[in-house]
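Notes for the one structure printed next.
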Amino acid sequence: MPPSLGYCVDIVSQFGMETVILHTALMLKKRIVVYHPKIEAVQEFTRTLPALVWHRQDWTILHSYVHLDADELEALQMCPGYVAGFVDSEVSNRSDLYDVFVNLADGEITIAPLAKEAMTMGKLHKEIGQLIVQSAEDPEKSDSQVIQDISLKTKEIFTNLAPFSEVSDDGEKRVLNYEALKQRRFPPATENFLYHLAAAEQMLKI
């Protein structure tokens, strides 16, 4: 299901700089759970989130309406990373289901304790957050132009990662040279993010 682009600016106006938490979670292929009692609100919000990582063109992460049903949850938990929408408030107590929990009704985003290390925010995230907010606040920019701005910034991040990757021993794919990354002496939060991004992109040496 293609994402909705018409809600991106609304997300940024609701969450401001915290939108970068959603962007980071999506970049790192984390599990995002969204709660709101109204199904329309849940679906509109969840369908927009994959657009924040436009470069992936991956709508399979989207599960815009999930019930707290054993079979549905089992199928969901088979997915490595996802955006899942719920209308049952009980989902807030199911920390086994999410790395990031969005309470859309209260306008709150919570990072689960186990995800905090990978989701540590630093200077790079502040830059991304500021770019997202500035772009969304520009009255002359449409939602699709805001998505394009975020996408360009995302590509820039992958460009940062490129010098620290090398062809794997079997020549199949590019893998992260962690020593080279460490020698670059990025701020700790940036190095941490790039390492986890490499992991999400399956660039770590096995």
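Keep in mind the model is a prediction, meaning the values are calculated, not measured.
H125 is not listed as a side-chain neighbour of M17, based on a closest heavy-atom distance of 4.5 Å or more. Taking the side chain as every heavy atom from C-beta outward, S92 and N103 never approach each other to under 4.5 Å. Residues T19 and I11 form a side-chain contact, since some pair of their non-hydrogen atoms from C-beta on lies under 4.5 Å apart. H23 places none of its side-chain heavy atoms less than 4.5 Å from the side chain of K153. Side chains of D88 and H67 form no contact here, defined as non-hydrogen atoms less than 4.5 Å apart.
In the hydrophobic cluster analysis, where Ile, Leu, Val, Met, Phe, Trp and Tyr join through side-chain heavy atoms closer than 4.5 angstrom, V34 is grouped apart from Y98. Taken together through direct or relayed side-chain contacts under 4.5 Å among Ile, Leu, Val, Met, Phe, Trp and Tyr, V33 and I21 form parts of separate hydrophobic clusters. Residue V100 is not grouped with residue V42 when hydrophobic side chains (ILVMFWY) are merged at heavy-atom distances under 4.5 angstrom, including chains of intermediate members. Under a hydrophobic-cluster definition in which Ile, Leu, Val, Met, Phe, Trp and Tyr are linked whenever side-chain heavy atoms come within less than 4.5 Å, directly or via other members, F15 and V133 are assigned to the same cluster. Linking Ile, Leu, Val, Met, Phe, Trp and Tyr residues whenever their side-chain heavy atoms come within less than 4.5 Å places L28 and L204 in a single cluster.
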Evaluation steps, salt bridge (Lys or Arg N to Asp or Glu O under 4.0 Å), between E191 and R184: CA-CA 9 Å; E191 181 186 302; R184 177 62 176 75; over 6 Å; no

Checking side chain to side chain contact (heavy atoms under 4.5 Å, CB included) for the pair L104/K38: CA distance, chi angles, key distance, verdict? CA-CA 10 Å; L104 205 50; K38 292 183 179 173; over 6 Å; no

Determine whether I157 and I128 satisfy the following criterion, side chain to side chain contact (heavy atoms under 4.5 Å, CB included), listing intermediate values before the conclusion. CA-CA 10 Å; I157 294 166; I128 298 166; 3.4 Å; yes

Determine, stepwise, if the pair L152 / W54 fulfils side chain to side chain contact (heavy atoms under 4.5 Å, CB included). CA-CA 10 Å; L152 286 170; W54 189 256; over 6 Å; no

Under the criterion side chain to side chain contact (heavy atoms under 4.5 Å, CB included), I'd like the reasoning laid out for H55 against M27: C-alpha separation, chi angles, the key distance, then a yes or no. CA-CA 10 Å; H55 67 286; M27 287 281 284; 4.0 Å; yes

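Between the S13 side chain and the D10 main chain, a donor and an acceptor come within less than 3.5 Å of each other. For the pair R31 (side chain) and Q77 (backbone), a donor-acceptor distance under 3.5 Å is absent. With Y35 contributing its side chain and E90 its backbone, the two residues share no donor-acceptor pair below 3.5 Å. A donor-acceptor contact shorter than 3.5 Å links the side chain of Q145 to the backbone of S142. T24 places a side-chain N or O within donor-acceptor distance of the main-chain N or O of V20, the cut-off being under 3.5 Å. For the pair S135 (side chain) and L131 (backbone), a donor-acceptor distance under 3.5 Å is absent.
Under the rule for a side chain to side chain contact (heavy atoms under 4.5 Å, CB included), the partners of E117 that lie at least two apart in sequence or sit in another chain are N192, H196. Checked against salt bridge (Lys or Arg N to Asp or Glu O under 4.0 Å), K141 has the following partners two or more places apart in sequence or in another chain: D149.
Considering CG of L197 and NZ of K29, their distance stands at 9.0 Å, rounded to 0.5 Å. Rounded to the nearest 0.5 angstrom, F86 CZ and I39 CD1 are separated by 10.5 Å. Interatomic distance, E18 CD to T110 OG1, rounded to the nearest 0.5 Å: 8.5 Å. Atom CG of L161 and atom CD of E201 lie 8.5 Å apart (nearest 0.5 Å). For the atom pair E74 CD and D69 CG, the distance stands at 10.0 Å (nearest 0.5 Å).
When the shell of 6.0 Å around CD of Q57 is examined, it contains more than 12 heavy atoms from other residues, nucleotides or ligands. Dense packing is recorded around CZ of F186, with more than 12 heavy atoms of other residues, nucleotides or ligands lying under 6.0 Å away. Applying the 6.0 Å contact sphere to CD of Q202 captures no more than 12 heavy atoms from other residues, nucleotides or ligands. Other residues, nucleotides and ligands contribute over 12 non-hydrogen atoms within 6.0 Å of the CG atom of L68.
Across all non-hydrogen atoms, the minimal contact from T48 to C8 is CG2-N, 3.6 Å. When all heavy atoms of L176 and A198 are compared, the pair lying nearest together is CD2-CB, 3.9 Å. Taking each heavy atom of G81 and I61 in turn, the nearest pair found is O-CG2, 3.9 Å. Across all their heavy atoms, G122 and A189 have their closest contact at CA-CB, 3.6 Å.
The list of side-chain hydrogen bond (donor to acceptor under 3.5 Å, both in side chains) pairs with a residue in residues 158-167, not counting sequence neighbours, reads S165-R174, E166-N177, E166-K205.
Between F45 and H36, the distance from one ring center to the other does not fall under 6.0 angstrom.
When each of L26, I132, V12 is tested with L52 by the rule side chain to side chain contact (heavy atoms under 4.5 Å, CB included), just one qualifies, namely L26.
In this structure, Y82 and H63 have perpendicular ring planes: the angle between them is above 60°, well past the 30° mark.
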